[in-house]
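These notes are about the structure you will find just below.
The chains referred to below are lettered A, B, ... by the order of the sequence lines, with proteins before strands, and numbering in each begins at 1.
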2 protein chains.
Amino acid sequence: MDRRLPRYQLLRDQLAARIAALEWRFDEPLPTEQELAASYGLAVGTVRKAIDVLEKEGALSRFQGRGTFIRRANFDRSLLRFFRFLDARGRRQIPQGKIQSRKTKRPPAHVANALGIEAGIAALQLKRLRLIDAKPLVSEEIWLPLSRFGKLEKLPIDDFGNLLYPLYESLCGQVVARASERLTIDLANDSDIETLKLQDAGSVVVIERIAYGLDGSALEWRISRGNPGHFSYTVDIR
Amino acid sequence: MDRRLPRYQLLRDQLAARIAALEWRFDEPLPTEQELAASYGLAVGTVRKAIDVLEKEGALSRFQGRGTFIRRANFDRSLLRFFRFLDARGRRQIPQGKIQSRKTKRPPAHVANALGIEAGIAALQLKRLRLIDAKPLVSEEIWLPLSRFGKLEKLPIDDFGNLLYPLYESLCGQVVARASERLTIDLANDSDIETLKLQDAGSVVVIERIAYGLDGSALEWRISRGNPGHFSYTVDIR
DNA sequence: CAGTGGTCTAGACCACGCA
DNA sequence: GCGTGGTCTAGACCACTGG
């Protein structure tokens with residue numbers, strides 16, 4: 001099986017394994033292309049092709065003159081790109097995040113399954129409201145495995161801040177590398193209308209997200225229900 | 001502008017221009033990488049890089065042993081990927097398309113603008129319903145410039161078939177190469193409720209699309225209003 | 001079988017970041 | 001000035017397609 005694959009693919013796999021093993025921090029460069037070529041016994045061009053693949057996959061970023069680095073995903077905006085988060089002056093901004101409840105309890109079966117934890121094991125549940133200019137836009141329900149995020153059980157609610165993923169990293173050492181989202185439309189229920197201050201009994205946008213770490217394991221399950229009036233999404237297709 | 005651009009980029013631009021000029025059909029291969037290298041006075045590796053770019057941009061497809069070809073976009077499913085089009089047996093299928101009206105008249109200003117035609121010039125307007133298992137899912141309003149699509153004015157309504165883009169190509173010689181879509185949510189109006197047979201006075205999914213030809217000019221403007229119950233969209237992000 | 005694109009090498013020089 | 005990644009060359013051989 002391995003023998004048939006091109007060498008740059010084999011190198012890609014080996015580098016991907018070393019990346020998943022957290023061999024390099026975000027701020028330290030990988031070995032030089034020359035060094036990699038020498039240590040793996042390959043030509044530089046072959047090493048470059050392997051790095052090309054990893055760069056296209058989003059795992060690495062290259063900077064001419066500086067080096068090649070683990071890619072730091074910037075989810076600050078990208079994960080909320082389904083909504084127009086414009087403030088009163090029409091500028092894009094990070095919405096305020098307000099934790100509304102924190103509980104330790106058993107997740108529903110489909111959540112436990114998505115997180116890859118055994119049914120019946122407790123997990124951490126957060127409910128959170130996101131606001132722009134003090135107006136609620138999205139309500140979120142978040143589930144986290146206690147094995148990785150136990151420290152969040154005791155953190156004062158006011159210390160959570162507006163962005164969770166930097167907190168996951170600084171407090172729990174968990175880095176979100178990628179995520180998968182599924183978008184649907186649902187009828188607004190009474191809770192939605194009250195929480196999101198919806199005018200009419202219309203619909204809400206529902207986004208179910210699973211976030212994965214550098215090693216590919218599921219870190220977080222999240223469902224968001226948002227005001228459809230602020231929803232806007234653009235795609236180019238070919 | 002072309003100050004010291006890399007040669008593979010210059011070659012990419014030249015090839016892109018030749019592609020836009022329809023120099024090659026879908027079924028005939030481009031010149032060999034060797035031939036291109038010789039005729040442009042470049043190394044094969046440089047030519048490969050230029051073709052890599054065009055392939056990643058979706059303009060070309062390479063086939064080992066056969067050659068490099070103009071990419072034939074397959075919009076049959078991709079342009080309706082926002083909806084779950086499952087029939088009674090749970091299988092994916094192309095929805096039925098039913099032309100409901102065809103008129104020649106002046107388009108609204110924003111449509112004329114998007115199509116790049118002068119205000120006040122008439123265009124072709126189609127209204128079309130798309131159904132699965134005879135149940136309406138999406139209603140569409142389509143605008144086409146007469147300069148390119150004049151032949152559609154006289155085509156019998158029953159001859160339009162379920163897919164428009166193959167018709168654009170076979171009848172009018174217009175090939176859709178890419179498109180841009182903007183997705184929003186709107187409250188359902190009376191027309192939506194009647195046309196789409198919606199149960200409640202909820203919302204509809206609105207998709208505004210501009211489709212472009214191989215030469216980059218806008219070919220079609222389209223707005224679709226769909227049943228949100230069948231809406232589902234999945235994205236991977238990093 | 002001949003011809004295509006795919007992989008790989010071993011160099012060279014260029015553009016950029018940083019000290 | 002030095003080291004990084006970026007571009008480019010001129011070959012070689014491999015894997016696949018088609019007649």
### Closest to side chain of Thr46(A), choosing from dG6(D), dC8(C), dG5(C)
dC8(C)
Please tabulate, one pair per line, all N/O donor-acceptor pairs under 3.5 Å involving side-chain atoms of residues 20-28 of chain B, not counting sequence neighbours.
from: Glu23(B); atom 1: OE1; to: Arg18(B); atom 2: NE; distance (Å): 3.0
from: Glu23(B); atom 1: OE2; to: Arg18(B); atom 2: NE; distance (Å): 3.2
from: Glu23(B); atom 1: OE2; to: Arg18(B); atom 2: NH2; distance (Å): 2.6
from: Glu28(B); atom 1: OE2; to: Arg25(B); atom 2: N; distance (Å): 2.9

### Message
Taking only side-chain N and O atoms of Lys49(B), does any of them lie within less than 4.0 angstrom of OP1 or OP2 on dC8(D)?
### Response
no
### Message
What is the distance, to the nearest angstrom, from the CZ atom on Arg62(B) to the P atom on dC16(D)?
### Response
16 Å
### Message
Using a heavy-atom cut-off of 4.0 Å across all strands, would you classify Leu42(B) as base, sugar-phosphate, or nothing?
### Response
sugar-phosphate
### Query
Between Glu55(A) (CD) and dT4(D) (C1'), how many Å, whole number?
14 Å
### Task
Would you indicate what Arg48(B) reaches in the nucleic acid, counting non-hydrogen atoms under 4.0 angstrom: base, sugar-phosphate, or nothing?
base
### Task
Please find out if less than 6.0 Å separates the ring center of Tyr233(A) from that of Tyr233(B).
yes
#### Entry: 5' priority, DNA chain C, between Gln9(A) and Arg66(A) [closest heavy atom]
Gln9(A)
### Query
When you match Val44(A) and Gly65(A) each to their closest nucleotide on DNA chain C, which lands nearer the 5' end?
Val44(A)
### Message
Does anything in residues 63-72 of chain A form a side-chain hydrogen bond (donor to acceptor under 3.5 Å, both in side chains)? List the pairs, not counting sequence neighbours.
### Response
Arg72(A)-Glu169(A)
### Query
Is it true that the side chains of Ser217(A) and Arg148(A) contain a donor and an acceptor less than 3.5 Å apart?
yes
### Query
Tell me: CG of Leu5(A) to C1' of dC8(C), nearest whole Å?
15 Å
### Query
Can you check the Leu11(A) CG to dC8(C) P distance for me, whole Å?
10 Å
### Summary
Taking dG5(C), dC8(D), dT9(D) as options, the one with an atom nearest any side-chain atom of Thr68(B) is dG5(C)
### Task
Classify the side-chain pair Glu220(B)/Tyr165(B) by whether it contains a donor and acceptor separated by less than 3.5 Å.
yes
### Task
Could you check how far CD1 of Ile51(A) sits from C1' of dG5(D), rounded to whole Å?
9 Å
### Query
Can you tell me how far C1' of dG3(C) sits from CD of Glu33(B), to the nearest Å?
12 Å
### Message
Can you tell me which nucleotide in dT7(C), dT9(C), dT7(D) comes closest to the side chain of Tyr8(B)?
### Response
dT7(D)
### Query
Which whole-number value in Å describes the distance from Asp52(B) CG to dG6(C) C1'?
10 Å
## Note on the structure
Regarding the side chain of Arg7(A), the nearest nucleotide among dT4(D), dT9(C), dT7(C) is dT9(C)
### Query
Leu60(B) CG to dT4(C) P: how many Å, rounded?
16 Å
### Query
Nearest of dG6(C), dC8(C), dG5(D) to any side-chain atom of Gln64(A)?
dG5(D)
